[in-house]
Amino acid sequence: MHAGQEPDPSTGAIIVPIYQTSTYVQEALGQHKGYEYARTQNPTRAALEANIAAIEGGKAGFAFASGMAAEGAIMTLLKSGDHVVVTDNTYGGTYRLFEQVLRKYQLDFSYVDTSDTGAIEAAMRPETRMLFLETPTNPVLRITDLRRACDIAHAHNAFVVVDNTFASPYIQRPIEFGADLVVHSTTKFLNGHSDSIGGVVVAVRDAHIEWLRFVQNAEGAILGPMDAWLVLRGTKTLPIRMERHNENGMALAQFLAAHPKVAQVHYPGLPDHPHHELPRRQMRGFGGVISFRLGSFEKARTLLNSVQLMALAESLGGVETLISHPATMTHASVPAEQRQRIGVTDDLVRVSVGIEDIEDLRDDLAQALDRV
Ligand SMILES: Cc1ncc(COP(=O)(O)O)c(C=O)c1O
């Protein structure tokens, strides 16, 4: 709640103001208060960066215009010829950035099921510089053993990036397990209110911090002050929101698992989840994202068109429940054959469970399933 935030020095305002300014007046040539130009420094953004760095247990944070901009900045730590091992069912936009943008700059990527740490070890090459993990994955919620994965990468002289968007730092703090960098789409749980697009990188190593500070200014894809303020307001209620996402997520997963029209439910809190024990070791709760299969695209479409309280929309992590069809929405940029391989089948539906009354959510899904 408090990290990174001091009462405003000029007024005592308890909330860090939105410093909506592009520049700062200097007292005399060469004399200023540490702020020269707002691409380089902004007090609202600085408060958010310090806040999220503290929540993740890192040394410094850097806020960007989107989660993808944050990932783009991280990738500038690499140089042509470097190789990256990536979780195979990573977010579709991450895959698109790596395959359609960064391959042009002679970076190479191998996509492996990182929930199998043997597969990580097997994919390592002498030129592997980075292990890029997403856990739990989107949308089938596979879990990677963070400690073992970090140990393998470090033994091969590679550093580890964890996309912690799905869990949020309330549920999982990858730096405690050895991660070198954590990236978030703050658009999701950190902001929590579906009213801002943003991203943040948290770093621990001095060389990374120095480069990210430089590249944030050099490329300039910064988070604006209004968005920084919105995310800062969001992080104040992160723990109580996440507790409720955990509770509602579990209750809805159990409801779906017992429903005769549901073929399969992916949720790390269910006993039949393939990595049921691991999340108990590295996560505090199982989060608010569930996906489930209905047996056919037609059935999925009927359900998606029948919900009334849940909103049919991309994205996740807000206080309101969103429902989506990964194959045609978030994962449309992943080739069909790869979608099949990672479990993003045409009958799969994803729910980002919000913090509404659980009875209302169950009733909505029940009436929509009746129409399937
Ligand atoms: C896991 C994950 N990482 C990164 C991103 C990209 O974030 P943004 O949309 O803020 O650019 C998303 C967006 O959905 C995501 O789900």
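All ligand and atom numbering here is 1-based and tracks the order in the structure. Just so we're clear, the structure is a prediction, and the values are computed from it rather than from any experiment.
- Ion pairing between a basic and an acidic side chain is recognised when a charged N comes within 4.0 Å of a carboxylate O; K299 and D347 show no such pairing.
- A search for ring-ring contact (aromatic ring centres under 6.0 Å, His included) contacts involving H83 returns nothing, not counting sequence neighbours.
- Hydrophobic cluster membership for V140: L348 (Ile, Leu, Val, Met, Phe, Trp, Tyr linked by side-chain heavy atoms under 4.5 Å, directly or transitively).
- Between H273 and L141, the closest heavy-atom pair is NE2-O, 2.7 Å.
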Ligand-protein N/O pairs under 3.5 Å (ligand 1):
unit_1	atom_1	unit_2	atom_2	d
ligand 1	3 (N)	D163	OD2	2.6
ligand 1	7 (O)	S185	OG	3.1
ligand 1	10 (O)	G67	N	2.9
ligand 1	10 (O)	S185	OG	2.8
ligand 1	10 (O)	T187	OG1	2.7
ligand 1	11 (O)	G67	N	3.1
ligand 1	11 (O)	M68	N	2.9
ligand 1	14 (O)	K188	NZ	2.8

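- Scored by the salt bridge (Lys or Arg N to Asp or Glu O under 4.0 Å) test, D206 finds K59 as partners (sequence neighbours excluded).
- Across all non-hydrogen atoms, the minimal contact from R45 to A38 is NH1-O, 3.3 Å.
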